Every structure is written in structure tokens, then in C-alpha cells.
Protein chains: 2
Amino acid sequence: MHPVIGRLREHGIRPTPQRVVVARRVLDSKAHPSAEDVLNAVRRDSPLISRASVYNALKLFVRKGLLEKRPLRDGRHVYDPIVEPHHHLIDERSGRIYDIPRGLCRVRLTKPLPGFEVRGIQVVLKGRKTT
Amino acid sequence: MHPVIGRLREHGIRPTPQRVVVARRVLDSKAHPSAEDVLNAVRRDSPLISRASVYNALKLFVRKGLLEKRPLRDGRHVYDPIVEPHHHLIDERSGRIYDIPRGLCRVRLTKPLPGFEVRGIQVVLKGRKTT
DNA sequence: CCTTCTATTTAGACGATGTCTAAATATAGG
DNA sequence: CCTATATTTAGACATCGTCTAAATAGAAGG
């Protein structure tokens, strides 16, 4: 039995064959793959798996807490007339984006990052309007 | 003369009619519009403007420092098997994503955000590998 | 004003990404 | 075994951004 089957069950996910191959590809990955990356990788071993099954599996895994989905790939943008550095606040429910002035939110690196020149910091808070 | 014409010229942008209507829509916006938002808004006044002109104008404005482009819209994601909170580092040249442990980077709100319940903080550093 | 060279706009095709649906298939529980 | 439910599948569809080749506009020089 694949070790991932246990992890799927722990999270209340029925381990169908399709889900197992998706989980095997993504769970031990350090590469932060996109859905299409996973689809292509999985199809090398299981050429008959459908696009929708991979997307369904990934969505389910996120809902069950096995994975996190992160918007880290270039693709969909908004345009901001405020070019000075500042941060942003996104309301989960409406998707609305608010500005946070630089002074309201401080970011500090406790150690330098060797071998990397930092050229920009973007902080995004997610949450819900309560009023 | 539209006030935006001056701002375009200040940034070394020739103020064509198409660019002026795009600039008018986006420069005074608080709404963080996407390119498609801008296209749709602009077409209400200038139905004949082409999709490519709007995209070209936005890209030019960013290159000239009039706007910033920010990846704040849901759309393209990666999947991360590390579900514990941590931050990320993106190499501008390769697009590669690296993990930053929570302890290496601290975020602090200097004042609370009234009317908003924060449910997640995402810090993304952009820069370049130097080694 | 005319010509010429360059910049810009345009329509439309294209690729990538993600969602949805209806039909087929598999599985679980009685 | 039968039935109800879950899952998979192919394919259509929508959105977003890029690209290209042809048309147009504008600037610069005579």
C-alpha cells in the first residue's frame, strides 16, 4: 500500500486510484507545482487520467487541509495607481482589495537571506470584514 | 486638455487618444481594476477601442512607472504540501519559488485594523539570486 | 503641403488556465 | 445482487494575456 493512502484516509479522503497518483506527485514536491504541472506529470504515468479529475483532486485536497493553494504564479493582475510601496488587504467574501499604508504594517527579516538580493516585499492580508 | 495628458507626458508617454481614455479610467481608481475591468470600462465610452490597445497601454504605463502591476487576483495557483504558515521568495529571473520559514520573517501590525478579522498573512519577497 | 519613416492601433487568432455539465463508471451499504 | 451515491470522464466553455500582420496615425524633413 502506498504511504499516501494513509495520509488521504487521515484527512477523510477516499483514496481512489486517480487521487493516489495525484497525491503521490504533489505531496513530496518541493517545486510548488501548478495544477497543469501536476496534470502533465501525472499523465506521464497514467495517460488516461482526465483533466477534471486532477483539478477535482487538488481542490478536494485543499478543502481537506492536505495542501494549500497559493497565488504565487504570474497570470492575473490588477493595476494600482499608487506606486509607492504599501500593502494590501483582501476581503475573502467580496474579493475586494484595500490598501494598507506602509506605516501600519512592518515586515522584518530576522536573518539575512544569503545569496539573494531582495528587491520587493509584498504583504497580503486575507480576512473578513466584520462591519 | 485632460489633466492626465500632463501626467502621461511627465512620464515620457505620448498621449494618444486611446492612452488618454485608459489613463483616465485607471489613474484615479481606488478599485484596483484588472486589465479586463479597464477594457470593459473604457469600452463604455469608446466602444471601438481594441483589446490590444488597452493591454499595450497598461503595459507601457507600468514600464514608465505610472502604475504598478500586482498579482492580487485569484487565477493562477501553485499547490504547496507545507500547510503550516510560512512565507515565500520568488526569483524574478527564473520564477522559482522558495520557502521561508516563519521564524525568518516577522510581520507586525502597528495598529489594529478596525472592522476586519485577519485570517491569514502572506509575505512574498521578490528578488534575484546572486550566487 | 507632400513624402517618408516610425509608432500605434486594430481584428483576430492563439495558448494557458480553470470551471462546468452530462453521461458513464465505480463503489458502498443494505 | 441492487440501489443509491460518489467519482471519473470527455469535451465545451469562459477568462486572461500574448502575438501577428495589416491598416492607420503622427512626426520629421524637404
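Because the structure is predicted, anything quoted here is derived from the model rather than measured. Proteins come first, then strands; the chains are lettered A, B, ... in the order of their sequence lines, and each starts at number 1.
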List every contact pair, protein side and nucleotides 4-12 of chain C side both N or O, where the distance is under 3.5 Å.
residue	atom	partner	partner atom	Å
C:dA7	O3'	B:Arg14	NH2	3.3
C:dT8	OP1	B:Arg19	NH1	3.1
C:dT8	OP1	B:Arg19	NH2	3.2
C:dT8	O5'	B:Arg19	NH2	3.4
C:dT9	OP1	B:Thr16	OG1	2.6
C:dT9	OP1	B:Gln18	OE1	3.4
C:dT9	O3'	B:Gln18	NE2	2.8
C:dT10	OP1	B:Gln18	NE2	3.3
C:dT10	OP2	B:Ser50	N	3.1
C:dT10	OP2	B:Ser50	OG	3.4
C:dT10	OP2	B:Ser53	OG	2.7

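Separating the OH atom of A:Tyr55 from the C1' atom of C:dT19 is a distance of 9 Å, rounded to the nearest angstrom. Look at CG on B:Asp74: it is 13 Å from P on D:dG17, rounded to the nearest Å. In this structure, CZ of B:Arg76 is placed 16 Å from P of C:dG15, rounded to the nearest angstrom. In this structure, CG of B:Leu39 is placed 12 Å from C1' of D:dT15, rounded to the nearest angstrom. We find that CZ of B:Arg73 is positioned 7 Å from P of D:dC16, with the value rounded to whole Å.
Taking each heavy atom of A:Ser50 and A:Leu39 in turn, the nearest pair found is O-CD1, 4.4 Å.
Judged as a side-chain hydrogen bond (donor to acceptor under 3.5 Å, both in side chains), and not counting sequence neighbours, B:Arg14 has no contacts. With sequence neighbours excluded, the residues satisfying side-chain contact (heavy atoms from CB on, under 4.5 Å) with A:Tyr55 are A:Ala35, A:Glu36, A:Arg51. B:Arg70 meets the side-chain hydrogen bond (donor to acceptor under 3.5 Å, both in side chains) test with A:Asp80; sequence neighbours excluded. Considering only residues two or more places apart in sequence or on other chains, B:Asn40 meets the side-chain hydrogen bond (donor to acceptor under 3.5 Å, both in side chains) condition with none of them.
Taking Ile, Leu, Val, Met, Phe, Trp and Tyr as hydrophobic and joining them when side-chain heavy atoms fall under 4.5 Å apart, one finds B:Leu48 isolated, its cluster having no other members.
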